Amino acid sequence: MRFRLKRSLIALLGSVFCTAAFAQTVLVDKVTDPVEWVNPLMGTDSKHSLSNGNTYPAIALPWGMNFWMPQTGRMGDGWGYMYSADKIRGFKQTHQPSPWMNDYGQFAIMPVTGKLRFNEDARASWFSHKSETVKPYYYSVYLADHDVTMEIAPTERAASFRFTFPQTDSAYVVLDAFDKGSYVKLIPGENKIVGYTTKNSGGVPENFKNYFVIQFDKPFASAVTWSDSVVSTKEELQANHVGAVVGFRTKKGEQVQARVASSFISPEQAELNLKEIGSDDFEAVKEKGKQAWNKELSRVAVEGGTPDQMKTFYSCLYRTLLFPRKFYEMDAAGKVMHYSPYNGKVLPGYMFTDTGFWDTFRALFPFLNLMYPSVNAQMQEGLANAYKEGGWLPEWASPGYRNVMVGNNSASVVADAYLKGGKGYDINTLYEAVLKGANNEGPLTAVGRAGAAHYNKLGYVPYDVKINENAARTLEYAYDDFAIYQLAKALKRPKKEINLYAKRALNYRHLYDPATGLMRGKNQNGKFQAPFNPFKWGDAFTEGNSWHYSWSVFHDVQGLVDLMGGKANFTAKLDSVFMLPPVYDESYYGSVIHEIREMQIANMGQYAHGNQPIQHMIYLYNYAGEPWKTQYWVRETMDRMYTPAPDGYCGDEDNGQTSAWYVFSALGFYPVTPATDQYVLGAPLFRKATLHMENGKQLVINAPENSDENLYINSARLNGKPYFKNWLSHSELMKGATLDVEMASEPNKQRGTKADAFPYSLSTDN
């Protein structure tokens with residue numbers, strides 16, 4: 001990389017003399033090794049009561065089936081790694097998408113020396129971040145209590161471990177298969193441990209197991225199994241909580257290596273998955289992992305940002321490429337197979353999991369459609385398989401159906417992929433699945449549509465029918481109906497069917513209260529719920545209040561502008577979000593949930609960027625002729641709410657969504673309305689960005705005058721021609737394009753003010 005210095009002259013005038021000092025801002029000219037700019041610790045300095053990301057350092061490959069993490073928390077604790085911790089209990093294979101969702105397919109490995117110890121507290125060791133190296137493709141830490149350096153390098157379904165021991169006759173590696181039903185078998189003649197773990201937090205069939213194999217490169221000097229707290233000489237154990245300890249005699253600095261793999265299909269498949277490492281030594285696995293990350297991260301090359309901006313950008317891009325994870329494996333013939341988390345069978349075809357569409361329909365999946373469409377096509381095939389195996393599309397999968405959050409946003413995920421060119425999968429089965437989910441209550445409240453009969457009859461889910469978060473459901477259902485309408489048109493469905501979903505897409509109007517200018521719960525009799533407190537979190541809304549959800553009309557912002565009385569009233573209402581104090585009513589929850597606290601301390605009024613419902617709201621100024629306010633607030637949010645540090649997020653970083661917001665926003669545009677062809681303009685953060693599309697084309701965004709001060713778009717040219725619109729076309733970008741942006745320190749209040757510059761709205765769709 002090369003560095004360029006920007007010098008700003010600060011004159012200090014005195015009565016007798018004058019001196020000049022230079023403040024230096026370092027800009028990174030070019031990144032050739034983007035993975036080295038990633039900080040997997042971003043967001044790990046979190047706790048139950050306050051989230052700065054609620055992430056853990058995922059040592060994994062892009063979309064890898066298995067992740068690894070250092071485990072500071074106790075077995076079963078969703079907060080498996082906390083930056084504030086000072087002890088490590090083990091190194092865990094994890095499939096956890098969120099601490100709130102917790103984990104499955106998990107077991108831990110831990111080196112110890114001296115006395116044989118396997119209990120998670122007894123084996124724990126002090127560590128320091130000063131002796132910890134954390135990269136997406138590599139983890140290393142010094143375990144002070146055992147005088148051991150532990151290293152991990154992952155593949156998609158396996159990992160290579162390296163333990164550097166002191167001179168001792170009592171070097172051990174502990175395997176903990178965890179409780180709730182586990183099995184372990186020692187095979188000393190092959191330097192091997194095999195077994196399975198069943199520990200999970202839901203969403204799995206009764207026959208669920210994660211089979212593992214651990215192959216060491218050094219013969220065992222000793223080997224025992226254990227159950228709960230009792231050591232056994234048996235080579236094979238099956239019980240509630242079992243594990244194994246293998247011992248070695250080591251010289252000072254001697255390295256013992258282990259290859260580890262697992263499978264959801266069978267023990268034999270775990271052995272096949274071990275072949276991902278093959279004969280590669282640790283350094284080769286590490287280097288291949290680095291190359292895999294650089295291949296994907298290099299698809300988006302940014303230049304001309306500060307080091308912290310570069311670190312934040314690539315750390316967010318790393319998070320964007322973790323979920324949904326691969327939940328499929330390759331059999332001996334190389335065929336794609338998966339264990340179904342929906343019916344417990346082993347079946348052909350793709351499967352992905354560990355994502356919540358309530359979060360990720362907004363920006364994560366649109367980003368995949370832009371930059372990684374072939375991967376998302378596999379994900380769409382996986383969704384079709386999920387429907388065929390479980391009878392419904394998942395709205396939150398981990399690994400199967402989970403009963404959390406609201407909405408029916410699988411419709412958006414399916415529609416956006418197909419409308420942006422998705423191909424090679426069974427769209428007709430997916431459309432059938434989308435219609436079923438849109439018109440029926442599912443086996444869980446969060447599958448299908450809770451309140452579907454009410455919604456289809458009245459046009460909204462009533463407040464007084466004991467269906468929680470009813471206004472949020474109504475608003476999201478209306479947008480999801482829009483997505484179905486768009487997909488139905490593309491599939492040339494009958495006109496009556498198309499018109500039905502076009503009509504339903506306007507159901508958001510039922511909840512608009514002209515007296516307050518906000519969305520509000522409504523009773524069966526057509527009267528608004530009372531008393532109404534727009535600052536009340538939950539109740540009619542989901543993890544937010546009316547000030548957050550009133551903007552959830554992604555597909556018809558012009559319709560919302562009209563309801564609010566025109567552009568001036570609309571933008572004044574948007575302004576109010578930032579001007580209001582961060583007051584709240586937490587009575588629905590009975591205590592202050594962490595999302596409320598994160599809004600309160602952000603000092604951005606009622607704008608709660610730490611949670612997803614309002615994240616698009618900043619971009620809505622573009623629909624009412626004041627795009628410079630979008631530009632200001634986007635930069636303000638990026639600068640204030642994101643850093644590349646352990647406390648670098650401002651709320652839960654849910655499965656890449658909050659990161660995808662940053663990635664899109666730093667590039668200068670955002671998908672306010674998935675299932676349309678448009679991205680809404682913000683303003684680029686970097687002086688140059690080059691997007692290498694999968695089809696071989698490039699999108700280049702030039703903003704050479706960009707700086708902390710020059711955050712507004714003064715003018716723009718697209719492919720050399722003056723460009724006045726407040727949006728960009730996906731289909732045009734996919735042909736290859738160059739966007740030249742002139743940045744300025746003062747807003748251009750003439751640009752983007754006329755209706756012909758505004759982004760798509762259903763109300764103005766001809």
Side-chain angles (χ1 to χ4, degrees), residues 59 68-72 75 85-93 107-133 138-153 159-177 184-195 212-235 237 242-260 277 281-283 285-286:
I59 315 305
W68 287 89
M69 65 183 292
Q71 182 187 355
T72 64
M75 179 178 62
D86 46 35
K87 285 189 175 183
I88 288 177
R89 289 182 164 85
F91 300 87
K92 185 171 82 160
Q93 180 187 274
F107 59 92
I109 294 168
M110 180 69 176
V112 299
T113 57
K115 183 180 177 182
L116 191 154
R117 290 161 283 177
F118 53 84
N119 173 274
E120 65 175 349
D121 292 328
R123 72 190 185 222
S125 172
W126 283 78
F127 81 106
S128 167
H129 296 298
K130 298 178 182 66
S131 60
E132 184 185 41
T133 302
Y138 173 70
Y139 181 87
S140 172
V141 69
Y142 176 67
L143 301 171
D145 288 80
H146 307 302
D147 192 21
V148 174
T149 297
M150 168 78 175
E151 300 169 275
I152 309 172
S160 184
F161 282 68
R162 186 163 64 188
F163 315 94
T164 302
F165 284 107
Q167 181 173 340
T168 179
D169 289 337
S170 51
Y172 301 103
V173 175
V174 177
L175 163 72
D176 188 340
V184 65
K185 181 180 180 180
L186 294 166
I187 310 177
E190 300 179 31
N191 310 331
K192 185 182 290 186
I193 308 172
V194 298
F212 56 79
V213 54
I214 307 173
Q215 175 80 62
F216 293 87
D217 69 346
K218 183 179 175 70
F220 303 155
S222 62
V224 296
T225 55
W226 54 271
S227 176
D228 294 324
S229 60
V230 180
V231 174
S232 171
T233 57
K234 295 180 179 178
E235 291 187 345
L237 278 182
V242 301
V245 185
V246 294
F248 306 95
R249 298 184 182 91
T250 55
K251 301 174 184 176
K252 183 178 181 180
E254 182 174 352
Q255 294 180 332
V256 176
Q257 299 193 36
R259 297 179 303 139
V260 186
I277 297 175
D281 63 13
F282 185 89
E283 292 299 328
V285 174
K286 177 181 171 183

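For clarity, every value in this text was computed on a predicted model and none was experimentally measured.
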> Find out whether M110 and F91 are in side-chain contact, i.e. whether some heavy atom of one side chain is under 4.5 Å from a heavy atom of the other.
yes
> In chain order, what residues pass the side chain to side chain contact (heavy atoms under 4.5 Å, CB included) check against A221, with sequence neighbours excluded?
R249
> What distance do Q215 atom CD and I193 atom CD1 have between them, rounded to the nearest 0.5 Å?
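So the CD of Q215 and the CD1 of I193 are separated by 10.0 Å.
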> Hey, are the side chains of V141 and P70 touching, using non-hydrogen atoms and a 4.5 Å cut-off?
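The answer is no; the side chains never approach within 4.5 Å.
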> Output every pair passing salt bridge (charged side-chain N to carboxylate O under 4.0 Å, His left out) with a member in residues 168-177, not counting sequence neighbours, ordered by first then second residue.
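For residues 168-177, and leaving out neighbouring residues, the salt bridge (charged side-chain N to carboxylate O under 4.0 Å, His left out) pairs sorted by first residue read R123-D176.
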> Checking S128 now: which residues fulfil side chain to side chain contact (heavy atoms under 4.5 Å, CB included) with it, not counting sequence neighbours?
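Here the qualifying residues are K130, S131.
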> Restricting to ring pair (Phe, Tyr, Trp, His ring centres under 6.0 Å), what partner residues turn up for F127, sequence neighbours left out?
H129
> Answer yes or no: does atom NZ of K185 have more than 12 heavy-atom neighbours from other residues, nucleotides or ligands under 6.0 Å?
no
> Can you find a pair of side-chain heavy atoms, one from T225 and one from V242, that are under 4.5 Å apart?
no
> Compute the centroid of each ring, for F163 and then for F248, and state whether the two points are separated by less than 6.0 Å.
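Centroid separation for F163 and F248: 6.0 Å or greater.
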> Given side chains that start at C-beta, do those of V224 and L116 come closer than 4.5 Å, heavy atoms only?
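Yes - at least one pair of side-chain heavy atoms lies under 4.5 Å apart.
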> Do Y142 and V148 make a side-chain contact, defined as non-hydrogen atoms from C-beta onward lying under 4.5 Å apart?
no
> Residues two or more places apart in sequence or in another chain: which of them pass side chain to side chain contact (heavy atoms under 4.5 Å, CB included) with P219?
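With sequence neighbours excluded, P219 shows a side chain to side chain contact (heavy atoms under 4.5 Å, CB included) to N191, given in chain and number order.
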> Output the distance between atom CD (E190) and atom CZ (F216), rounded to the nearest 0.5 Å.
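That separation rounds to 13.5 Å.
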> Nearest 0.5 Å please: distance from the OG1 atom of T164 over to the CG atom of L143.
10.5 Å
> Where is the tightest heavy-atom contact between G243 and V184, given as atom of each residue plus distance?
O-CG1, 3.4 Å
> Could you list the residues that satisfy ring pair (Phe, Tyr, Trp, His ring centres under 6.0 Å) with F107, not counting sequence neighbours?
W68, F212
> K286: what forms a salt bridge (charged side-chain N to carboxylate O under 4.0 Å, His left out) with it, not counting sequence neighbours?
none
> About how many Å separate CD of Q167 and OG1 of T113, when rounded to the nearest 0.5 Å?
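The OG1 atom of T113 sits 12.5 Å away from the CD atom of Q167.
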> Does the S125 side chain pair with the main chain of D145, one donor and one acceptor, at a distance under 3.5 Å?
yes
> Under 3.5 Å, side chain of T250 to main-chain N/O of P166, donor-acceptor pair present?
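Answer holds: yes.
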> Could you pull out all residues at least two apart from Q257 that satisfy side chain to side chain donor-acceptor pair (under 3.5 Å)?
none
> Roughly how far apart are Y139 OH and F161 CZ, rounded to 0.5 Å?
11.5 Å
> Can you sort out the partners of E235 under salt bridge (charged side-chain N to carboxylate O under 4.0 Å, His left out), two or more places apart, ordered by chain and number?
none
> Could you state the interatomic distance from CE (M69) to CD1 (I59), rounded to the nearest 0.5 Å?
9.5 Å
> With sequence neighbours left out, write down each residue that passes salt bridge (charged side-chain N to carboxylate O under 4.0 Å, His left out) with R117, or none if nothing qualifies.
none
> Do I214 and L175 have side chains that get closer than 4.5 Å, going by heavy atoms?
yes
> Of all residues at least two apart in sequence or in a different chain, which pass the ring pair (Phe, Tyr, Trp, His ring centres under 6.0 Å) check with F282?
none
> List in chain and number order the residues that pass side chain to side chain contact (heavy atoms under 4.5 Å, CB included) with R89, two or more places apart in sequence or in another chain; answer none if no residue qualifies.
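For R89 the side chain to side chain contact (heavy atoms under 4.5 Å, CB included) partners, ignoring immediate neighbours, are R74, E120, D121, A124.
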